[in-house]
Amino acid sequence: MAFDIEKIRADFPILKRTVNTYPLVYLDNAATSQKPQQVIDSIVGYYSNYNANIHRGVHSLSQEATDAYEMARQKIQKHFNAAHAHEIIFTPGTTHGINLIANGFSSLLKKGDEIIVSALEHHSNIVPWQMLCEKTGAQLKVIPMNEEGTLVMSAYKELLSERTKLVFVNHISNALGTINPIEEIIQLAHEVNAAVLIDGAQSCSHIKPDLQELDVDFYVTSAHKMCGPTGIGMLYLKEEWGKKLPPYQGGGEMIAEVTFEKTTYAEMPHKFEAGTPNISGGIAFGAAIDYLNTIGFKAIEAHENALLNYATEALLAIEGLKIYGTGTAKTSVISFNIEGVHPYDMGTILDKLGIAVRTGHHCAQPIMEFYKIPGTVRASFAFYNTLEEVDRLVAGVKKAKMMLS
Ligand SMILES: *Cc1c(COP(=O)(O)O)cnc(C)c1O
């Protein structure tokens, strides 16, 4: 399919609306993406036509719902090239997936063990591991970043040892847009027999990871950042780990047999999916993946890179504007500040002009601390954004600068 931006934009009902009398310019895609009609229809279709609980029913509706839900799992498996559908665990999102693994490792770690995080992480890939360290006595080590906002790989190599049990980094930083060299990170960790978790919340809307090629142990993401609904995501769990890790929550669906003396657990994926899941969410996640694939990730990447380059150049032409995150491996996220202007004030004026950006620490306070700033203005672009919208942003930033400084 040729990349037809007008046709793509027509799929997103929200892009037709105005904000403060201006046509909406939505540049907060790193926080959540907008949803195409195809995804909205899949949710409405489920509730209108075959709403029923799954896996347990013999009646037709339950079977239709079960088939649609399991079909979505297979779509996700194919998309990410996992070896088995049962390695795809539906979760409420990235945060939940990380907590599930951190909880699982609490029985595998002991004092003296080390786990490694990066300086570029979202709070949800920091706090669960700190909690794990408190429980087990393991120690948290941090891969440092440099001024460009990229990881210092030589320092990572020095941190790795036979004490290292687990490494967890994001694929792409939500605060700066840096694409981390996860292939190398995974390979080096495996050389010391450490497992690796990749937080893919920010990457899966931009690129299509091949999980078998990466040979990663755990990969987590959220549907809502890739055109799907909130409250659903996936945890990829390599089969051997699915057997080793204990269940996270107890309840229905995750059991093989229950008596008051002893309960045996179901096989994966059900072992990790206690209770009635987000059925419509899972189905809509599948619809979102179908949608992204009809556009194609090559086309998405090319368009987003064009937006990134165009916006970077135009913003840097504004005097006093500084961009944070200047490495060469970078996706369509621009974090910036203007000398003497508070990011919150900039965001407020842009909103008055119908332009949605994020301001603040982006759930990544250690990065802000590194740069010694309270926060940034973050514009994050998706494949449905246009060069004209970048022009609106740049004009808005200039106007705000004039009003505020
Ligand atoms: C958004 C995000 C998260 C958290 O995802 P939730 O959907 O809120 O669970 C974690 N890490 C990164 C890099 C993110 O961008």
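Start at 1 and go down the list; that is how both ligands and their atoms are numbered. Both backbone and side-chain heavy atoms feed into the values below; hydrogens, waters and symmetry mates do not.
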Check ligand 1 for N or O atoms under 3.5 Å from a protein N or O and list each pair with its distance.
from	atom 1	to	atom 2	distance (Å)
ligand 1	7 (O)	Ser222	OG	2.7
ligand 1	7 (O)	His224	NE2	2.8
ligand 1	9 (O)	Thr95	N	2.9
ligand 1	9 (O)	Thr95	OG1	2.6
ligand 1	11 (N)	Asp199	OD1	3.3
ligand 1	11 (N)	Asp199	OD2	2.5
ligand 1	15 (O)	Gln202	NE2	2.6
ligand 1	15 (O)	Lys225	NZ	2.7

Are the charged groups of Glu273 and Arg73 less than 4.0 angstrom apart, N to O?
-> yes
For residues 398-405, which side-chain donor-acceptor pairs fall under 3.5 Å, sequence neighbours excluded?
from	atom 1	to	atom 2	distance (Å)
Lys401	NZ	Glu319	O	3.0
Ser405	OG	Lys401	O	2.7

Could you point out which residue of Leu159, Val167, Thr164 forms a side chain to side chain contact (heavy atoms under 4.5 Å, CB included) with Lys141?
-> Leu159
Interatomic distance, Ser118 atom OG to Leu151 atom CG [nearest 0.5 angstrom] | 4.5 Å
cation_pi(Lys244, Trp241) dist<6.0 Å, angle<=45 = yes
Using the ring of each side chain (for Trp, its six-membered ring), is His79 parallel, tilted or perpendicular to Phe297, with breaks at 30° and 60°?
-> tilted
